[in-house]
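When a ligand or atom number is given, it counts from 1 through the structure's own listing order.
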Amino acid sequence: MMDELAKRYQAVRERITQAALQAGRSPSEVQLLVVSKTFGPDLVAQVAALGQRAFGENYVQEAVDKIAALRHVPGLVWHCIGPLQSNKTRLVAEHFDWVHSVDRLKIAQRLSEQRPAHLPPLHVCLQVNIDGGATKAGVAPAETLALAQAVAALPHLCLRGLMTIPDPVDGFEQQVAVHREAQRLFEALQAALHWPQFDTLSMGMSADLEAAVLAGSSMVRVGTAVFGAR
Ligand SMILES: *Cc1c(COP(=O)(O)O)cnc(C)c1O
């Protein structure tokens with residue numbers, strides 16, 4: 001079991017390395033966020049033993065329990081990547097290091113107010129609805145700059161970048177085309193904001209990480225390819 005997990009983890013790392021080299025980028029520019037939702041603390045500890053530190057979680061209560069169970073593992077960094085309701089912001093502000101799914105100012109304000117004073121600012125990415133599905137979470141691309149400016153002004157948050165979850169599309173070129181939209185928006189915001197910490201483009205998952213890395217992703221979020229099917 002451990003061997004299988006180690007093999008899959010190393011295979012994902014190798015995919016990232018190859019994708020970066022193909023894109024003419026340094027592999028060190030692309031971070032791996034291992035998405036551990038639905039998998040227990042034992043499996044997370046096994047991946048941590050391979051050197052992985054950054055883990056992504058979708059369900060707040062599940063994550064809080066897991067974070068507590070793994071307190072003894074030094075240096076873990078927890079990223080909240082799931083949809084955020086107002087009644088969950090306090091737990092997120094108290095337990096996570098990063099949030100990728102901020103898509104409205106009210107949620108950002110609550111996270112900033114509720115971030116405990118003894119902790120460093122909460123790192124935040126804005127979730128952008130890059131492919132425009134009407135029912136999808138995420139701020140509309142045209143409204144992203146205004147939201148970014150408002151979030152950057154909040155005292156206990158550190159605005160780090162953008163996150164996208166495009167609907168699956170067939171074919172590598174089609175995947176790249178969607179991710180290029182996010183890359184263009186990200187670069188336009190970098191130019192408009194002059195905000196040095198705005199350095200994170202969180203995009204790409206198990207099925208499309210190569211396309212995302214080609215389009216400038218700096219953080220891929222990978223669950224299935226590491227842990228197997230949920
Ligand atoms: C579950 C999830 C992932 C990981 O998806 P896989 O296809 O299992 O790699 C990445 N990002 C978000 C926001 C998720 O909810």
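Listed by chain and number, residues touching ligand 1 at under 4.0 Å (heavy atoms only) are V35, K37, N58, I81, I165, M205, S206, R221, V222, G223, T224, R230.
Side-chain contacts under 4.5 Å among hydrophobic residues (ILVMFWY), followed directly or transitively, place W98 together with L33, V35, V77, I81, M219. Cluster partners of V169: none. The rule joins Ile, Leu, Val, Met, Phe, Trp and Tyr whenever side-chain heavy atoms lie under 4.5 Å apart, and it links nothing here.
The one candidate from D103, I130, V139 that meets the side-chain contact (heavy atoms from CB on, under 4.5 Å) condition with T144 is V139.
Taking the side chain as every heavy atom from C-beta outward, D167 and K136 approach each other to under 4.5 Å.
With sequence neighbours left out, the side-chain hydrogen bond (donor to acceptor under 3.5 Å, both in side chains) criterion links Q10 to no other residue.
Between W78 and F55, the ring centre distance stays below 6.0 Å.
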